[in-house]
Number of protein chains: 2
Amino acid sequence: MTKVKESSTNQASRKFLAECDLTHAVRLMSGRWKLPILYLISKGQNRFGMLKKVIPNITERMLTLSLRELEDDGLITRTVFAEIPPRVEYALTEIAMDLLPICDHIRHWGLKHKQSIIFTD
Amino acid sequence: MTKVKESSTNQASRKFLAECDLTHAVRLMSGRWKLPILYLISKGQNRFGMLKKVIPNITERMLTLSLRELEDDGLITRTVFAEIPPRVEYALTEIAMDLLPICDHIRHWGLKHKQSIIFTD
DNA sequence: TATGATACATACAAATTTGTAAGTAATGAC
DNA sequence: GTCATTACTTACAAATTTGTATGTATCATA
């Protein structure tokens with residue numbers, strides 16, 4: 001969620017893990033607000049103000065940071081319109097749209113997992 | 001990776017997000033070493049020492065913490081044998097095995113994403 | 001000239017995750 | 001009695017992520 005910092009074991013293993021396609025992918029989804037944002041954009045909530053309204057608890061700062069990261073990771077595009085007051089629209093990229101059906105699988109598994117825990121504890 | 005701390009906005013939104021099956025699921029996979037560990041256990045690397053050997057860069061502390069969390073989350077089981085030197089074996093739970101095919105999807109998407117970035121930058 | 005609307009930016013602080021270094025416990029082999 | 005083996009634990013520190021509070025820019029409208 002921030003810039004690259006100094007070199008360290010931390011950075012080294014991050015790089016190492018990025019070589020694996022799986023951990024690379026999971027890292028892209030890993031910010032707290034990333035997937036909610038992606039999902040909502042796909043549902044038409046494609047402006048800063050809209051997202052702010054529909055995501056409870058998110059702060060403007062985190063919304064900004066998350067949008068920037070999603071953009072840097074090639075998951076959303078950002079279009080600025082030369083209007084006042086400003087208008088900026090976000091949209092999913094193709095690769096992000098490919099992620100949506102996988103998210104359905106993950107969501108389904110998440111529910112199953114919740115239920116499996118109820119019956120185990 | 002640690003205990004529950006004081007109440008805060010942070011905790012509040014974590015709880016909120018856990019209500020969503022998708023973010024709940026992603027959170028389970030989100031530790032840096034979680035999926036590598038799960039994968040390796042599924043491939044027969046089911047002891048502490050084995051995992052330590054085959055996962056470059058991981059520290060004993062992180063391995064311990066990750067294994068504990070996976071256990072707490074119901075993704076692996078831990079079996080202690082009454083031997084000296086100690087022998088402890090880990091195994092995937094059923095719900096964790098259900099995750100494996102989904103991981104294949106995610107991995108495949110991760111590769112596609114990497115390629116999409118190469119051709120865009 | 002002041003206000004509102006929109007989409008941010010910035011300085012700072014708290015919470016969380018990850019890493020470093022050293023130590024523990026049990027016991028059979030030497 | 002010392003050592004090796006295995007699977008950890010603990011105190012501490014660094015790095016990363018998330019949150020709080022406040023400020024900025026533009027221009028049309030009142």
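Just so it is clear: chains get the letters A, B, ... in the order the sequence lines come, proteins before strands, and each one is counted from 1.
For D/dT18, neither phosphate oxygen OP1 nor OP2 lies less than 4.0 angstrom from any side-chain nitrogen or oxygen of B/Ser13. Between A/Gln11 and the phosphate of D/dT16, there is a side-chain N or O to OP1/OP2 separation shorter than 4.0 Å. Between A/Thr9 and C/dT18 there is no side-chain N or O to OP1 or OP2 distance below 4.0 Å.
B/Arg27 contributes no side-chain N or O that, together with a main-chain N or O of B/Arg14, makes up a donor-acceptor pair within less than 3.5 Å. For A/Thr23 (side chain) and A/Leu17 (main-chain N/O), a donor-acceptor pair under 3.5 Å exists by modelled atom type. Counting only distance, with no hydrogens or angles, the side chain of B/Ser116 and the backbone of A/Ile95 share no donor-acceptor pair below 3.5 Å.
A side-chain hydrogen bond (donor to acceptor under 3.5 Å, both in side chains) with A/His24 holds for exactly one of B/His113, B/Arg107, B/Lys114; it is B/His113.
With rounding to whole Å, A/Leu63 atom CG is found 17 Å from D/dT17 atom P. What separates CD of A/Glu60 from C1' of C/dT6 is a distance of 10 Å, to the nearest Å. Here the C1' atom of nucleotide D/dA7 and the CG atom of B/Leu65 are 14 Å apart, to the nearest Å. Note: CG (B/Leu51) to P (D/dA7) measures 10 Å, nearest angstrom. Taking atom CG of residue B/Asn57 and atom P of nucleotide C/dG19, one finds them 8 Å apart after rounding to whole Å. For B/Trp33 and D/dT16, the CH2 to P distance is 14 Å, given to the nearest whole Å. Note: CZ (B/Phe81) to P (C/dA25) measures 24 Å, nearest angstrom. A/Arg87 places its CZ atom 17 Å from the P atom of D/dC27, with the value rounded to the nearest Å.
Comparing atom distances between the B/Arg47 side chain and each of D/dA7, D/dG19, C/dA7 picks out D/dA7 as nearest. Looking at the side chain of B/Arg27, the nearest of the listed nucleotides D/dC27, C/dT27, C/dT17 is C/dT17.
Base contact: B/Thr64 has a heavy atom under 4.0 Å from a base atom. Residue contacts for B/Tyr90: at a heavy-atom cut-off of 4.0 Å it reaches the sugar-phosphate backbone alone, with no base atom in range.
Across the interface with DNA chain D, nearest-nucleotide mapping of A/Asn10 and B/Asn10 shows A/Asn10 to be the residue nearer the 5′ end. Where B/Ser30 and A/Glu89 meet DNA chain C, the nucleotide closest to each residue was compared, and A/Glu89 sits on the side nearer the 5' end. Of the two residues near DNA chain D, B/Pro85 and B/Arg68, the one whose nearest nucleotide lies more 5' is B/Pro85.
Not a single donor-acceptor contact under 3.5 angstrom links the side-chain atoms of B/Arg61 to the base of D/dT9. For B/Arg32 and C/dT17, a side-chain-to-base donor-acceptor distance below 3.5 Å is absent, hydrogens and geometry of angles not being considered.
The hydrophobic cluster containing A/Val88 also contains A/Leu92, counting ILVMFWY residues as joined when their side-chain heavy atoms lie under 4.5 angstrom apart, directly or transitively. Hydrophobic clustering (side-chain heavy atoms under 4.5 Å, transitive across Ile, Leu, Val, Met, Phe, Trp, Tyr) groups A/Tyr39 together with B/Val26. In terms of hydrophobic clustering, with Ile, Leu, Val, Met, Phe, Trp and Tyr side chains grouped at heavy-atom distances under 4.5 Å, A/Met50 and A/Leu67 are assigned to different clusters.
Helix-axis bend for the helix from C/dT1-D/dA30 to C/dC30-D/dG1: the local axis fitted to the five terminal pairs at one end deviates from that at the other end by 30°, rounded to 10°.
Taking both residues in full, the closest heavy atoms of A/Ala25 and B/Gly110 are given as CB-CA, 3.7 Å, listed atom of the first, atom of the second, then distance.
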